[in-house]
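This report concerns only the one structure given below.
Computed from heavy atoms alone, side chains included, the values below leave out hydrogens, waters and symmetry copies.
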There are 2 protein chains.
Amino acid sequence: MATIKDVARAAGVSTATVSAVINDSAYVSAELRARVLAAVRDLNYAPSLAARNLKRGRSQLIALVVADLANPFFSRVVWAAEAAVAAWGYSLLIFNSDEKPELERRILARVRTLSCDGVILVPVGDSTEHLQNDPDGKPIPTVLFGRTVADDRSDTVTIDNISAGRQATEYLLDLGHTRLGTITGPLHVTTGRGRLDGMLAAMRSRGLTLESRYIRSGEFREDAAYSVARSLLEQPARPTALYVASGLMALGVMRAVADLGLRCPGDISIASTDTIPGIGGLRPRLTRTEHPLVDMTNEAVRLLVDQIRRGGPVERRNVVFQPSLVVGDSCAPVVMQPGTPPSSSGSGQ
Amino acid sequence: MATIKDVARAAGVSTATVSAVINDSAYVSAELRARVLAAVRDLNYAPSLAARNLKRGRSQLIALVVADLANPFFSRVVWAAEAAVAAWGYSLLIFNSDEKPELERRILARVRTLSCDGVILVPVGDSTEHLQNDPDGKPIPTVLFGRTVADDRSDTVTIDNISAGRQATEYLLDLGHTRLGTITGPLHVTTGRGRLDGMLAAMRSRGLTLESRYIRSGEFREDAAYSVARSLLEQPARPTALYVASGLMALGVMRAVADLGLRCPGDISIASTDTIPGIGGLRPRLTRTEHPLVDMTNEAVRLLVDQIRRGGPVERRNVVFQPSLVVGDSCAPVVMQPGTPPSSSGSGQ
DNA sequence: AAAACTTAGCTAATCGATTAGCTGGGTTCG
DNA sequence: CGAACCCAGCTAATCGATTAGCTAAGTTTT
């Protein structure tokens, strides 16, 4: 492939002149400019971003590190992020930390050696000190997405997780449910913790408590949610409704319900935070609190590009989006549920 | 951030010695090696891949260019590809050509300036000449995924699209359906064309024809499939079964069925190629022919890494995977369908 | 003992861009 | 007319790695 020297030779000018034409960074006479552009075209010249990166210290790469790339929620974040970074002139590198803090560390080390201009991180560990611990240089521009970490000083873009849990729970309580269960995310991450806290707050405000035997963690995974939901629902006095902390786990819970021969919402009402998009033609349609995911992703990219341009964060910015309740047909009033009277030890299958 | 010169100075050796230790590329005495590693640790040194790329001509980046990143099929390809390239020591750049040939061209130009070591491409145009037309250099190592292009000389990894269409159609014909419709992909791409051809072949082998009024293209999009399915199903003599050429379009078709107040499979049977994973808990469960998507992606990455290591394709390799039929509950024998006798002009809603 | 060989570590050229500072010719000012 | 200034285009240093070839000291062979 042609280099800038080849173009310079073909056009009969210096490499500085070719660079000035390509970058429009200095005056070049019309005659010389035309010769350079003709040579660029004839030689099909494309500059090497490695060389440019080495000289300018900019890679034009943004890294997106998600917690679980098998989760359709994060797939949609990838889709939104690719479009957003492309609009700003960047390319997107994708990494999957798969909910493993040690893998996250190795990925972030890789991001540094790739000289990414910035990183959007869904943190899976408790700390991002490895982003900060650069003894002789400034940390890489970073935005935390969806989840936060206590010791971090990066910009953050999140949803109000407490509100997400609370709104879904209130919907179930408004339908008359009093014996609720929940399938949570991992409670050491802010999304898992916050949504449970929101549920607890909603119940507490009505003088209700959430029994610990009705709390299981599905670790934000479909298969884990399936397993814990089965065991929860197989209890003699099962709950009449479940709040599920993610859309992916909601699918696992649905699969457990189906496999136990239960009907939703006939036998069990289910509300969740988020769902899989595009499945409105399938039954039941989940009642859920939803993230404004595209807005969140665009905002994360905007904050990151701003940090890159300013050379790092000036002050920490925490942008919190509000979830919205979307009513489907996966919940019914408690009175409509035969087979398991609220106060009896039922024999549900 | 520390450079190799800083490490060399701290360890009291030359940069060549540091490089030899880091890369284990030449003998270095145990004493010097220990000094270098201590300095690397103390300075938190990470090599610059831009500099390394400039010298070695390798970026350790693989680009994945998909046709529609909003399509969950391609999201799963991203998930599988990220894991596969990471296992080979590469990082994954994601690009979305959004079914636009001109955007594909610009993306591939970008891939060249980023000096990607290779590219996996779901082609959306009719030609990949812009991958080949590098007047003075070898083309970038490329594997075409899912779709092929007539003039290309790259390795390809595909599914047997004809078999995919045929198997799903035969399932419907075996249930007694004779008036079939289809929602196709774009017919200028091999996946759209091949699946329709498979359907036509299955029907022809039973002396049946597919009426042109029952053929609509959903362009592999959920919303387009929704629209064309509605208009197809609103016809007075609607088909008793539909073959839908992608999982994403099948969701759009389901949504149209629901909105028209029809029941699946009570009023209309639906079979597809592929579906969204993880929705087995929702009804109806699609009967479909499935891609072995993870195997296909792993094979594409394996072929690409092999090309990179050999310095380009030696001979063209076309790996064709076979689809498999997975039976759900979205299809019923034709006799069970009240409300629309096969030969009458029905008044279906 | 001298010549030939071996080898650990070093020097410096190179990859392909960018850009600070230089240069020669032209213009303006005193 | 000479000094001072201007400016389009050029030269070459630089970014941070890698590595070919060099060097000096030690070992082996004649």
Fill in: Residues A:Met296, A:Val319; criterion side-chain contact (heavy atoms from CB on, under 4.5 Å); working and verdict
CA-CA 9 Å; A:Met296 290 173 70; A:Val319 181; over 6 Å; no
Decide, yes or no, whether a salt bridge links [X] with [Y] under the criterion of side-chain N to carboxylate O below 4.0 Å.
X: A:Arg302; Y: A:Asp295; value: no
X: A:Arg309; Y: A:Asp117; value: no
X: B:Asp98; Y: B:Arg221; value: yes

Worksheet item: Using the C1' atoms of five pairs at each end, what's the angle between the two axes of the helix from C:dA1-D:dT30 to C:dG30-D:dC1, to 10 degrees?
Response: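 Here the local axes at opposite ends form an angle of 60°.
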Item to complete: Would you give a per-nucleotide map of nucleotides 7-17 of chain D, 5' to 3', where B means the base has a protein non-hydrogen atom under 4.0 Å away, S means only the sugar-phosphate does, and - means neither?
Response: -SSBBB-BBBS
Worksheet item: Atom CZ of B:Arg9 and atom C1' of C:dC10: how far apart are they, to the nearest Å?
Response: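 Interatomic distance, CZ of B:Arg9 to C1' of C:dC10: 16 Å.
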Worksheet entry | Approximate separation, where rounding is to 0.5 Å, of A:Leu64 CG and A:Thr297 OG1 |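 Atom-to-atom, A:Leu64:CG and A:Thr297:OG1 are 8.5 Å apart.
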Worksheet item: OG/B:Ser115 to CG/A:Leu49 distance, rounded to the nearest 0.5 angstrom?
Response: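 Taking OG in B:Ser115 and CG in A:Leu49, the distance rounds to 7.0 Å.
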Worksheet item: Any luck finding a side-chain donor-acceptor pair between A:Asn318 and A:Thr156 under 3.5 Å?
Response: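 Checked: A:Asn318/A:Thr156 side chains pair up, N/O donor to acceptor below 3.5 Å.
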Worksheet item: Taking only residues two or more places apart in sequence or in another chain, which ones pass side chain to side chain contact (heavy atoms under 4.5 Å, CB included) with A:Arg35?
Response: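 For A:Arg35, the residues satisfying side chain to side chain contact (heavy atoms under 4.5 Å, CB included) (neighbours in sequence not counted) are A:Ala11, A:Val13, A:Glu31, A:Leu32.
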